[in-house]
Amino acid sequence: MPELAEVEYFRKKWNVGLDHKIVSIHLQSEKRVFRQTSTTLLARKIRGRSFHSSHAHGKQMLFRFGSDAWLGIHLGMTGRLLAASSLHRPSSSDHLILRTASHSLIFRDPRLFGRVRFAVSPRPPSWWSNLPPPIHSPKFTVPYLRKICARRARSPLKALLLMQQFFPGIGNWMADEILWQAKLCPRTLSGALSSSSIAQLHQRLRQICRTSLRLIGHDYSDPPKTWLYRHRWRSGGYCPRCQRRLSRAPIGGRTTCWCPTCQPSTPLPLASPD
DNA sequence: ACGCGGCCCTGCCGGC
DNA sequence: TGCCGGCAGGGCCGCG
């Protein structure tokens, strides 16, 4: 489940190839990850060009070759990027490999939920430039979050946080972490939040994104033991704040983990931050 | 326009 | 010990 921090971690795996020429390409064009993408164009336009830059935005990644060839990769659920020697033998789930003189830059995705895009244009393609403001950017303000909540007033908070058009890079575990730290019930409707709850949600969103990027995004370090993250998948897991048993149920179409004591369905009066 | 349920995939785990 | 059914989830599509 690569979310924004894991995506940042994987993006950097290809950086060993920066400023090197792509001398050959290996790909399996019939694989689902290439849906609606011309693999012949991709191969023709990347081969012989230099790997110029790499970027991440939420769950999307963008790689530039030469001046105008743009490769987009979405890792889906089980996708990952890795670098290996130039002699690497492709496994059956290595759908795309770009080879420099010294390295193989590999996109591996056993479950095929990932996606590869490609475009040739002087500017980045629209699917990249039209992405919403990153959560850590100055544009992601409290009034902006308030507007999102008002627009999707009848969505449960859990479902809201999973919407990539508003919260780029948030996935299942981050959404649960944010709601747990903000002490908000995942079933609460987005339109029902008080302004102090919106402020709390805003603060936790930004802080969890920052910390995740610093730890996971840097070297896949584990988040602190005080986070729900370390407890949520253990069968019979316990809340690291109140030590009571965690609940699990599908909300917003995804398995959700929360603490019914710390995240009651009706907000506790005078809830103090942390 | 919005909210939701179903579908795509296959590795892995629990139960028999 | 080995097999197999069901679960897991990000995004997209179609329905009401």
Side-chain angles (χ1 to χ4, degrees), chain A residues 1-11 27-37 56-62 72-82 90-96 106-118 125-128 130-132 134-135 145-179 185-193 205 208-209 212 216 228-229 231-237 246-258:
Chain A
M1 16 96 215
E3 304 182 19
L4 87 173
E6 292 93 341
V7 168
E8 175 61 9
Y9 173 80
F10 286 126
R11 176 187 71 83
L27 58 82
Q28 305 182 32
S29 59
E30 76 287 357
K31 294 291 183 172
R32 212 179 97 90
V33 296
F34 293 110
R35 52 198 179 276
Q36 293 154 28
T37 295
H57 184 148
K59 297 177 186 173
Q60 302 281 348
M61 287 179 287
L62 185 69
I73 294 188
H74 189 294
L75 297 173
M77 182 184 160
T78 54
R80 54 180 303 189
L81 300 189
L82 58 155
S91 78
S92 62
S93 56
D94 292 347
H95 309 304
L96 176 65
I106 303 163
F107 168 48
R108 178 176 293 172
D109 182 13
R111 218 168 290 186
L112 301 171
F113 278 28
R115 183 166 181 187
V116 176
R117 303 178 194 247
F118 184 71
S126 59
W127 54 258
W128 176 265
N130 291 341
L131 290 170
I135 293 162
L145 178 60
R146 190 181 300 123
K147 261 182 214 161
I148 292 170
C149 291
R151 206 169 129 189
R152 299 297 172 123
R154 300 214 43 87
S155 276
L157 286 173
K158 174 62 184 276
L160 185 81
L161 289 177
L162 294 175
M163 294 179 184
Q164 299 302 296
Q165 70 267 38
F166 302 125
F167 306 101
I170 300 299
N172 202 39
W173 80 256
M174 286 188 84
D176 286 356
E177 189 70 46
I178 289 157
L179 293 174
C185 177
R187 282 201 247 261
T188 298
L189 297 187
S190 306
L193 290 189
L205 264 162
I208 288 166
C209 286
S212 301
I216 300 171
L228 180 67
Y229 179 88
H231 307 263
R232 51 169 296 152
W233 293 122
R234 303 169 73 107
S235 53
L246 295 166
S247 292
R248 289 184 62 172
I251 304 174
R254 293 290 173 260
T255 304
T256 301
C257 176
W258 78 101

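Here the structure is a predicted model, which means the values were calculated and not measured. Proteins come first, then strands; the chains are lettered A, B, ... in the order of their sequence lines, and each starts at number 1.
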Inset, instruction - May I ask you to evaluate whether A:Arg254 reaches the phosphate of C:dG10, defined as a side-chain N or O under 4.0 Å from OP1 or OP2? - result: yes
Inset, instruction - Please state how far atom CG in A:Leu160 lies from atom C1' in B:dC4, giving the value in whole angstrom units. - result: 14 Å
Legend entry - Residue A:Gln164, side-chain atoms from C-beta onward, closest of C:dA8, B:dC8, C:dG11: C:dG11
Inset, instruction - Could you tell me whether the side chain of A:Phe167 reaches within less than 4.5 Å of the side chain of A:Leu4, counting heavy atoms only? - result: no
Inset, instruction - Could you tell me whether the side chain of A:Pro2 reaches within less than 4.5 Å of the side chain of A:Arg80, counting heavy atoms only? - result: no
Inset, instruction - For the pair A:Glu8 (side chain) and A:Ala56 (backbone), establish whether a donor and an acceptor sit closer than 3.5 Å, ignoring hydrogens and angles. - result: no
Inset, instruction - Let me know the distance between CD1 of A:Ile148 and P of B:dC2, rounded to the nearest Å. - result: 12 Å
Legend entry - Nearest-neighbour nucleotide for the A:Thr255 side chain, C:dG9, B:dC4, B:dG11 considered: C:dG9
Legend entry - Between C:dA8 (P) and A:Leu75 (CG): distance, integer Å: 22 Å
Legend entry - Whole angstrom value for the distance that separates P of C:dG10 from CZ of A:Arg35: 14 Å
Inset, instruction - Take the protein atom CE of A:Met77 and the nucleotide atom C1' of B:dC7, then report the distance between them rounded to whole Å. - result: 14 Å
Legend entry - Minimum-distance nucleotide to A:Asn172 side chain [options: B:dG3, B:dG11, C:dG9]: C:dG9
Legend entry - First encountered from the 5' end of DNA chain C, between A:Gly171 and A:Gln36: A:Gly171
Inset, instruction - Would you mind telling me which of A:Leu75, A:Thr78, A:Leu82 makes a side-chain contact (heavy atoms from CB on, under 4.5 Å) with A:Arg108? - result: A:Leu82
Inset, instruction - By nearest nucleotide on DNA chain C, pick out whichever of A:Thr78 and A:Arg117 is the more 5' one. - result: A:Thr78
Inset, instruction - Please answer whether C:dG11 and A:Phe113 are stacked, defined here as ring centres separated by less than 5.5 Å and planes angled under 30°. - result: no
Inset, instruction - State whether the distance check finds a donor on one side and an acceptor on the other, under 3.5 Å, for side chain A:Arg111 versus base C:dA8. - result: yes
Inset, instruction - Take the protein atom CD of A:Glu30 and the nucleotide atom P of B:dC9, then report the distance between them rounded to whole Å. - result: 13 Å
Legend entry - Runs of at least three Watson-Crick or G-U pairs with DNA chain C, cut-off 3.5 Å: B:2-16 with C:2-16
Legend entry - Euclidean distance, A:Ile178 CD1 relative to A:Cys209 SG, rounded to 0.5 Å: 5.5 Å
Inset, instruction - Tell me what A:Pro156 touches on the nucleic acid: a base, only sugar-phosphate, or nothing, going by heavy atoms under 4.0 Å. - result: sugar-phosphate
Inset, instruction - Starting at atom CZ of A:Arg115, determine the distance to atom P of B:dC9, rounded to an integer number of angstrom. - result: 14 Å
Legend entry - Spacing of NZ belonging to A:Lys158 relative to SG belonging to A:Cys257, to within rounding of 0.5 Å: 9.0 Å
Inset, instruction - To the nearest Å, give me how far apart CD (A:Gln165) and C1' (B:dA1) are. - result: 12 Å
Legend entry - Candidate list A:Thr255, A:Thr256, A:Asp176, test side-chain contact (heavy atoms from CB on, under 4.5 Å), partner A:Arg248, passing option: A:Thr255
Inset, instruction - May I ask you to decide if A:Asn172's main-chain N or O and A:Glu177's side chain share a donor-acceptor pair within less than 3.5 Å? - result: no
Legend entry - B:dC9 OP1/OP2 closer than 4.0 Å to side-chain N/O of A:Arg32: yes
Legend entry - A:His74 side chain near C:dG11 phosphate (N/O to OP1/OP2, under 4.0 Å): yes
